[in-house]
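Report on one structure; see the data block that follows.
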Amino acid sequence: FDTDATVDYFWVVNSNATTEGGNILASTHVPVADTYITLRVAIDSAGGARYYINGVAVGYKALAVAITAAATLCPYVSLINRAGGAAILTCDKIKLWQDP
């Protein structure tokens with residue numbers, strides 16, 4: 001989500017080795033100040049990623065990540081402020097699991 005972009009919408013992004021990709025989501029998925037949302041990424045065995053906002057599927061990227069049984073993945077939550085005003089990102093909870 002980038003308020004300095006032409007449109008203030010969420011992006012679904014990925015990085016697979018040296019290949020990066022991203023798609024902008026529809027305007028119906030804009031976050032609202034002081035309102036919690038739930039974001040989810042589910043990665044399948046082929047390396048595709050399904051993206052969800054508040055339980056609703058909003059995107060799919062084939063070959064989003066390089067997946068092997070031994071692959072170690074980690075979440076990344078970030079806030080970058082390119083302007084002088086204050087910006088706050090509240091991350092209430094991160095839950096990770098792997099299906100057996």
Side-chain angles (χ1 to χ4, degrees):
F1 183 71
D2 186 349
T3 57
D4 286 336
T6 304
V7 290
D8 297 348
Y9 300 158
F10 268 120
W11 286 74
V12 291
V13 296
N14 65 280
S15 179
N16 182 346
T18 59
T19 302
E20 297 177 359
N23 290 74
I24 194 166
L25 297 182
S27 61
T28 54
H29 303 296
V30 176
V32 177
D34 299 320
T35 303
Y36 282 98
I37 59 171
T38 300
L39 303 176
R40 176 180 174 210
V41 178
I43 301 170
D44 61 32
S45 61
R50 295 188 193 296
Y51 300 89
Y52 301 84
I53 297 177
N54 292 329
V56 176
V58 296
Y60 178 78
K61 298 280 294 174
L63 303 176
V65 295
I67 293 293
T68 67
T72 301
L73 303 175
C74 66
Y76 178 75
V77 178
S78 174
L79 173 67
I80 300 170
N81 186 359
R82 294 180 286 190
I88 298 170
L89 170 77
T90 301
C91 183
D92 186 50
K93 178 180 178 181
I94 296 177
K95 180 178 179 181
L96 306 170
W97 72 91
Q98 178 178 341
D99 291 336

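Everything numeric in this text was worked out from a predicted model, so none of it was measured.
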If hydrophobic clusters are built from ILVMFWY residues whose side chains come within less than 4.5 Å, do Tyr51 and Ile37 share one? yes
Locate the shortest heavy-atom distance separating Tyr52 from Ala42; write the atom from each residue and the value. CE1-CB, 4.2 Å
Reported CD1-to-OG1 distance for the pair Ile53 and Thr38, which is rounded to 0.5 angstrom: 10.5 Å
Measuring from Arg50:CZ to Arg40:CZ, what's the distance to the nearest 0.5 Å? 10.0 Å
We want to know whether Tyr36 and Asn54 form a side-chain donor-acceptor pair, criterion being a heavy-atom distance below 3.5 angstrom. no
